[in-house]
Undergrad: 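This is the structure, below, for whatever I ask next.
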Amino acid sequence: MLSFASDYLEGAHETILRRLTETNREQLPGYGSDPYCESAAAKIRATCEAANADVHFLVGGTQTNQIVITALLHEGEGVIAADTGHIATHEAGAIEATGHKVLTLPHHQGKVSADDLNAYLKAFNADANHEHMVLPAMLYLSHPTEYGTLYRKEELTALAAVCRQHQIPLFLDGARLGYGLMSDDTDLTLPDIAALCDVFYIGGTKVGALCGEAVVFPRGNAPKRFLTTIKRHGALLAKGRLLGIQFDTLFTDRLYFRIARHAIVMADKLKNIFREKGYTFYLESPTNQLFIVLDRETRERLSKQVNFSFWETLDNTHTVVRFATSWATTEEEIEALASLL
């Protein structure tokens, strides 16, 4: 059975597994104070061109989103997101469970627009009853978005300007950040993201690590006692080395970027195959996620031999599904899928 259901189906890149094995018997300090976490943080600072950045390592995306948002918001405050944003759809109310509301804006192929954000914030402040309402106090973006689309530098710059004008932080979810950075259709670099965002994270779980996300506060602007916040959420690993070794490996010899680029190359090959065989694209995604429209008969036929993700119902007879490539996708898997399409 072939599987293109997601980009975190495999374990970890072999280089990471080798490093974990090589360092297995070392006795190291806990809770992220080991030399591998320190080395990984230094490499991330250098790559981001953010010498003063605070870097913290967490296990997974939902955990990271919840902790960062909780740490930055006060009582009675909420976070703005696209209505398709991960925190608004597929995180089981994790943000709301902390007492903070997710305030949604209409998406534009997964993205939030600066004009919509500015209008929303202005309307809130102009409302005579705003003191009785949840205060929009933070912006959450994902890059790539849930539709695999990317913010242009101009778009992210405009959003950052609105956030500064209204004095709210901009948080970028980078669960699949590597795939966005290595797309042919991007003009954003990691230093650009560090310069424009107040906090973001570099996803490892979906880009070659067993698990792990690296949270970056690029100007040394982590909230006071952020480590304590992580601990209070039960998210501080005693064996923090497990995350440090992985990110130290990913940011050695540009491994993170090389394996992310591989997924883009595989996605481009798959995209060409779908086009050649006459399949319909729901939208154009420049990253590793392809959204294809299937009629009921084709979906049922393919699902017997290929795993892919249901995305949404388009009409009574058509469904949007997602095919995702990853750092581990092989040419042989692409060719095998092509023979079934």
Undergrad: Can you pull out every salt bridge (Lys or Arg N to Asp or Glu O under 4.0 Å) where at least one residue sits in residues 110-137? Sequence neighbours excluded, please.
TA: Lys111-Glu155

Undergrad: Take atom CZ of Arg296 as the centre, draw a 6.0 Å sphere, and report whether it contains more than 12 heavy atoms from other residues, nucleotides or ligands.
TA: no

Undergrad: Before accepting this row, confirm whether a basic side-chain N of the pair Glu49/Arg219 lies closer than 4.0 Å to the acidic partner's carboxylate O.
TA: no

Undergrad: Could you tell me which non-hydrogen atom of Cys37 sits nearest to which non-hydrogen atom of Gly32, and how far apart they are?
TA: CB-O, 3.3 Å

Undergrad: Once side-chain hydrogen bond (donor to acceptor under 3.5 Å, both in side chains) is applied, what residue pairs with a partner in residues 67-86 remain, sequence neighbours excluded?
TA: His86-Glu91

Undergrad: Roughly how far, to the nearest 0.5 Å, is CD of Gln289 from OG1 of Thr149?
TA: 9.0 Å

Undergrad: Does Leu227 reach the side chain of Leu236, with side-chain heavy atoms less than 4.5 Å apart?
TA: yes

Undergrad: Under a 3.5 Å cutoff, is there a donor and acceptor pairing between the side chains of Thr298 and Asp295?
TA: yes

Undergrad: Would you please name every residue forming a salt bridge (charged side-chain N to carboxylate O under 4.0 Å, His left out) with Arg176, sequence neighbours left out?
TA: Asp7

Undergrad: Mind checking ring-ring contact (aromatic ring centres under 6.0 Å, His included) for Phe251 and listing every partner two or more places apart, or none if nothing turns up?
TA: Tyr256, Phe257

Undergrad: Give me each pair satisfying ring-ring contact (aromatic ring centres under 6.0 Å, His included) with a member in residues 19-60, each pair once, sequence neighbours excluded.
TA: His56-Phe226, Phe57-Phe247

Undergrad: If a pair satisfies side-chain hydrogen bond (donor to acceptor under 3.5 Å, both in side chains) and one of its residues is in residues 331-341, list it, with sequence neighbours excluded.
TA: Lys269-Glu331, Thr330-Glu333

Undergrad: Output every pair passing side-chain hydrogen bond (donor to acceptor under 3.5 Å, both in side chains) with a member in residues 202-218, not counting sequence neighbours, ordered by first then second residue.
TA: Thr205-Glu213

Undergrad: How would you list all residue pairs meeting salt bridge (Lys or Arg N to Asp or Glu O under 4.0 Å) that involve residues 308-319, not counting sequence neighbours?
TA: none

Undergrad: Looking only at heavy atoms, what is the nearest atom pair of Leu2 and Leu337, with distance?
TA: CD1-N, 3.5 Å

Undergrad: Can you list every pair that meets ring-ring contact (aromatic ring centres under 6.0 Å, His included) and has a residue in residues 91-115, with sequence neighbours left out?
TA: His107-Tyr147

Undergrad: Give me the one residue out of Thr104, Thr145, Leu105 that meets side-chain contact (heavy atoms from CB on, under 4.5 Å) with Val112.
TA: Leu105

Undergrad: Answer yes when Asp54 and Arg45 have at least one side-chain N-carboxylate O distance shorter than 4.0 Å, and no when they do not.
TA: no

Undergrad: Are Phe4 and Tyr282 connected in the hydrophobic side-chain network, where two residues link if heavy atoms are under 4.5 Å apart?
TA: no

Undergrad: Where is the tightest heavy-atom contact between Asp173 and Ala175, given as atom of each residue plus distance?
TA: OD1-N, 2.9 Å

Undergrad: Which residues pass the side-chain hydrogen bond (donor to acceptor under 3.5 Å, both in side chains) test with Lys153, sequence neighbours left out?
TA: Asp192

Undergrad: Return each pair, listed once, that meets ring-ring contact (aromatic ring centres under 6.0 Å, His included) where at least one residue sits in residues 148-204; pairs must be two or more places apart or across chains.
TA: Tyr140-Phe171

Undergrad: Restricting to pairs with a member in residues 318-341, which pass ring-ring contact (aromatic ring centres under 6.0 Å, His included), not counting sequence neighbours?
TA: His13-Trp327, Phe274-Phe323, Phe308-Phe323

